[in-house]
Amino acid sequence: MKGIIGQIEKGKPFFEKVSRNIYLGAVRDGFLTAMPAILFASIFILLAALPEVLGFAWPESVSTWLWKVYNYSMGVVGLLVSATTARSLSESVNRKMPKNKVINSTSAMLASIVGFMLLSVSQIDGGFSAEYMGTKGLLASFVSAFITVNVYRVCVLKNITIKMPKEVPGTISQTFKDIFPFAFSVLGMVIIDLIVRTTLNVPFAEALVKLLSPLFTAADGYLGIMIIWGMMAFFWFVGVHGPSIVEPAIAAIIYVNVEANLQLYNAGEQASNVLTVGLGNFVGTMGGTGATLVVPFIFMLLAKSKQLKAVGKASFIPVSFAVNEPLLFSAPIILNPYFFIPFLLTPMINVCIFKFFVDVIGMNSFMYVLPWATPAPIGLVLGTGMGLWSFVLVLTLIVVDFLIYLPFCKVYDKELVMQEARNAQLEAAARTQPAMASAVSGIAATQAAVELEETESVSNEVKPTNVLVLCAGAGTSAMLANALTEGAEQFSVPISASAGAYGSHYEIMQDYDMVILAPQVGSYFEDIKEDTDRLGIKLAATKGAEYISLTRDPKKAIDYVIDQLK
């Protein structure tokens with residue numbers, strides 16, 4: 001098994017390179033930026049639909065208003081994502097551009113929106129159709145963003161622009177500089193739209209969905225969903241944030257299927273599309289990647305080793321809210337041969353069980369989008385409409401996951417118990433030499449006092465420092481940010497810390513003096529270093545066990561920041 005792990009680890013540089021692909025990153029970051037609108041819309045759809053499950057019906061005027069808010073937010077999410085994806089991609093491209101030649105991200109966003117409208121919207125009597133402005137048009141929004149940014153890139157590099165006299169103000173001059181790239185990118189979408197409508201008599205967005213529907217159908221099958229969530233777990237196991245690689249490829253369809261399920265449910269039919277956002281958040285990654293919800297409880301209640309009991313007590317709360325890095329790096333589970341099989345197998349079995357409940361038993365699939373940090377059992381029940389079978393499914397998944405992880409946890413626990421016993425024997429042997437131990441202790445105490453004095457001296461001299469901690473979803477980063485805040489207050493050190501999600505940090509990064517990357521986004525170090533170097537900001541990347549120890553020790557977290565700033 002260790003040989004297999006070693007071979008897998010050799011491929012880590014390749015996996016990290018894939019995760020740093022600017023197009024995958026643009027899709028991921030575009031969705032992250034648009035997520036407030038998606039979650040806002042979901043709140044209203046829950047208010048509109050869930051009361052009916054409990055036998056309560058809103059007055060027609062209230063119901064109409066709730067659906068209006070949903071349609072005017074989720075109903076135009078394709079348009080929103082076309083803009084946010086273009087902005088994210090343009091910012092990534094700008095890092096590789098000459099300093100005096102950069103893309104105007106705002107102009108690229110506007111061009112992408114216009115291009116998306118051309119690719120997705122059809123004219124009808126009295127206006128235009130909004131059918132593909134929502135989730136159905138997400139694929140077209142990516143195409144529009146990608147084409148737009150690349151057209152802007154060529155125009156900027158080739159200096160294809162309207163040059164204005166030096167006396168013209170910069171804002172006006174920039175407007176004329178953007179005319180050609182804006183026009184060329186939109187004209188490119190006009191040509192695509194003309195060709196597709198002439199040959200197929202449908203908008204590009206519809207043609208693209210139909211073209212890729214066989215792939216989406218295959219991905220919705222047992223084998224497809226097993227591969228998707230198995231690969232997420234595999235990438236995470238080798239230390240690369242799996243969702244960053246896999247989710248962009250399915251981002252469009254998982255939101256399309258949620259809306260399709262809701263329409264089916266409202267029409268009195270079964271919500272039967274399995275491949276949805278909720279399948280990942282509350283089934284495939286139940287308690288975080290690897291479906292680790294039950295693991296901390298196994299450690300707390302059944303483990304005999306002190307290490308695993310401590311890990312269980314420290315991690316069961318964050319894992320309950322899908323933040324399982326404290327578990328992954330403290331046990332550890334990442335690159336631990338004992339957990340290779342259950343970490344990959346459990347999410348694959350979970351999604352298959354869910355599909356069985358939907359396809360065979362007739363349970364509704366996910367119809368609503370809920371925040372990913374919602375505890376998995378609650379998210380599963382609410383997201384599928386609070387049907388009776390959803391409660392049965394929650395219990396089934398917990399039992400199955402427990403049975404899968406239990407034997408591997410027991411074997412690993414037995415190994416740790418033996419290690420702890422050997423360590424105890426060594427400590428007992430050391431105590432047989434009291435004089436030497438006393439001398440060593442005195443030296444250690446003196447060294448510790450000197451180090452503490454030096455640390456406090458440095459702490460008193462350090463200037464006020466703003467620290468931004470980044471992870472994939474602002475959950476893990478909050479743990480270190482809280483430790484830094486607690487340490488700053490306890491030791492009167494002028495440090496202020498905030499948590500953020502990688503991809504949504506571009507607009508705020510200039511307000512900070514230091515950026516710390518959590519282990520799950522460590523592969524982006526070289527990319528973000530270009531930004532931090534340009535802004536004169538200190539950048540630091542942490543490793544798994546190191547990061548967890550910092551989150552648990554406010555003094556150590558403060559010392560880490562001070563050491564990095566020296």
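Proximity of Ile225 to Phe354: side-chain heavy atoms (C-beta onward) are nowhere separated by under 4.5 Å. Side-chain contact check for Arg87 versus Thr85: every heavy-atom pair is 4.5 Å or farther apart. A heavy-atom distance below 4.5 Å is not found between the side chains of Val154 and Asn150. The closest side-chain heavy-atom distance from Trp236 to Phe343 is below 4.5 Å. Taking 4.5 Å as the limit, some side-chain heavy atom of Val515 sits within range of a side-chain heavy atom of Leu470. Residues Met189 and Phe116 fail the side-chain proximity criterion, which asks for heavy atoms closer than 4.5 Å. Phe44 has its side chain within reach of Trp65: a pair of non-hydrogen atoms, C-beta onward, lies under 4.5 Å apart. Between Leu293 and Pro377, some side-chain heavy-atom pair lies under the 4.5 Å cut-off.
Side-chain N/O atoms of Ser105 and Ser90 include a donor and acceptor closer than 3.5 Å.
When all heavy atoms are compared, the tightest approach of Met97 to Val93 is CG-O, 3.1 Å. The two atoms that bring Ala205 and Ala140 nearest to each other are CB-CB, 3.8 Å, heavy atoms only. Across every non-hydrogen atom of Thr148 and Ala108, the tightest pair is CG2-O, 3.5 Å. The shortest heavy-atom contact between Ala207 and Val202 is CB-CG2, 3.9 Å. Residues Ala233 and Pro347 approach most closely at CB-CG, 4.1 Å, considering heavy atoms. Considering every non-hydrogen atom in both Ile333 and Phe237, the closest pair reads O-CE1, 3.3 Å.
When atom types are taken as modelled, the side chain of Ser63 and the backbone of Pro59 share no donor-acceptor pair closer than 3.5 angstrom. No donor-acceptor distance shorter than 3.5 angstrom exists from the side chain of Lys136 to the backbone of Ser120, with no hydrogens or angles considered. Put simply, the side chain of Thr374 never gets that close to the backbone of Leu370: no donor and acceptor are under 3.5 Å apart. Side-chain atoms of Thr84 come within 3.5 Å of backbone N or O of Gly30 as a donor-acceptor pair. The closest donor-acceptor contact from the side chain of Asn266 to the backbone of Leu262 lies under 3.5 Å. A donor-acceptor pair under 3.5 Å links the side-chain atoms of Trp58 to the main chain of Leu47, judged by distance alone.
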CA sep, side-chain torsions, deciding dist, call: Phe204, Val143, side chain to side chain contact (heavy atoms under 4.5 Å, CB included)
CA-CA 10 Å; Phe204 174 82; Val143 172; 4.0 Å; yes
Lys355 and Leu279: side chain to side chain contact (heavy atoms under 4.5 Å, CB included), yes or no, with the steps?
CA-CA 9 Å; Lys355 184 171 175 61; Leu279 178 67; over 6 Å; no
As a quick check of understanding, evaluate salt bridge (Lys or Arg N to Asp or Glu O under 4.0 Å) for Glu247 and Arg28, giving each step before the final call.
CA-CA 8 Å; Glu247 283 187 351; Arg28 180 196 65 239; over 6 Å; no
Distance-only criterion, 3.5 Å: show the donor-acceptor pairs between side-chain atoms of residues 253-261 and protein atoms not counting sequence neighbours.
unit_1: Asn257; atom_1: ND2; unit_2: Leu275; atom_2: O; d: 2.8
unit_1: Glu259; atom_1: OE1; unit_2: Thr135; atom_2: OG1; d: 2.5
unit_1: Asn261; atom_1: OD1; unit_2: Ser272; atom_2: N; d: 3.3
unit_1: Asn261; atom_1: OD1; unit_2: Asn273; atom_2: N; d: 2.9
unit_1: Asn261; atom_1: OD1; unit_2: Asn273; atom_2: ND2; d: 3.0
unit_1: Asn261; atom_1: ND2; unit_2: Asn257; atom_2: O; d: 3.3
unit_1: Asn261; atom_1: ND2; unit_2: Asn273; atom_2: O; d: 2.9
unit_1: Asn261; atom_1: ND2; unit_2: Phe366; atom_2: O; d: 2.9

Going by atom type alone, with no hydrogens or angles, which donor-acceptor pairs under 3.5 Å involve a side-chain atom of residues 382-390 and a protein atom two or more places apart or on another chain?
unit_1: Thr384; atom_1: OG1; unit_2: Leu380; atom_2: O; d: 2.7
unit_1: Thr384; atom_1: OG1; unit_2: Val381; atom_2: O; d: 3.4
unit_1: Ser390; atom_1: OG; unit_2: Gly387; atom_2: O; d: 2.5

Residues 280-292, side-chain donor-acceptor partners within the protein, below 3.5 Å, at least two apart:
unit_1: Thr285; atom_1: OG1; unit_2: Gly280; atom_2: O; d: 2.3
unit_1: Thr292; atom_1: OG1; unit_2: Gly287; atom_2: O; d: 2.8
unit_1: Thr292; atom_1: OG1; unit_2: Asn324; atom_2: ND2; d: 3.1

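Residues forming a ring pair (Phe, Tyr, Trp, His ring centres under 6.0 Å) with Tyr222 (at least two apart in sequence, or on another chain): none. Tyr23 pairs by the ring pair (Phe, Tyr, Trp, His ring centres under 6.0 Å) definition with Phe146, not counting sequence neighbours. Every residue two or more places apart in sequence or in another chain that forms a side-chain hydrogen bond (donor to acceptor under 3.5 Å, both in side chains) with Ser122 is listed here: Arg197. Partners of Tyr152 under the ring pair (Phe, Tyr, Trp, His ring centres under 6.0 Å) rule, at least two apart in sequence or in another chain, do not exist in this structure. Among residues two or more places apart in sequence or in another chain, the side-chain hydrogen bond (donor to acceptor under 3.5 Å, both in side chains) test is passed with Arg95 by Ser92, Tyr506, Asp531. With sequence neighbours left out, the ring pair (Phe, Tyr, Trp, His ring centres under 6.0 Å) criterion links Phe182 to no other residue.
Note that CG of Leu139 is 12.5 Å distant from OG of Ser144, once rounded to the nearest 0.5 Å. Here Met509 contributes atom CE and Arg534 contributes atom CZ; the two are 6.0 Å apart, rounded to the nearest 0.5 Å. Separation of atoms CE (Met117) and CG (Leu79) is listed at 6.0 Å; rounding is to 0.5 Å. Taking CG of Asp29 as the start and CD1 of Ile22 as the end, the distance is 11.5 Å to the nearest 0.5 Å. We find the CE-OG distance between Met35 and Ser42 to be 9.0 Å, quoted to the nearest 0.5 Å. Atoms NZ and CG, from Lys177 and Asn104 in turn, are 10.0 Å apart once rounded to the nearest 0.5 Å.
Applying side chain to side chain contact (heavy atoms under 4.5 Å, CB included) to Asn94 and the options Val156, Val102, Val149 leaves one that passes, Val102. The side chain to side chain contact (heavy atoms under 4.5 Å, CB included) with Val400 is formed by just one residue from the set Ile349, Thr346, Leu395, Val294; it is Ile349.
More than 12 heavy atoms of other shown residues, nucleotides or ligands fall within 6.0 angstrom of atom CG in Asn159. Enclosure of atom CG in Asp125 is not indicated, since only 12 or fewer non-hydrogen atoms of other residues, nucleotides or ligands lie within 6.0 angstrom. Atom NZ of Lys101 is surrounded by more than 12 heavy atoms from other residues, nucleotides or ligands within 6.0 Å.
Among pairs with a residue in residues 137-147, none fulfils salt bridge (charged side-chain N to carboxylate O under 4.0 Å, His left out), at least two apart in sequence or across chains. Within the structure, every pair that satisfies the side-chain hydrogen bond (donor to acceptor under 3.5 Å, both in side chains) test and touches residues 202-212, not counting sequence neighbours, is listed here: Glu206-Lys210. The salt bridge (charged side-chain N to carboxylate O under 4.0 Å, His left out) pairs that include a residue from residues 262-276 number zero, where partners must be two or more places apart or lie in different chains.
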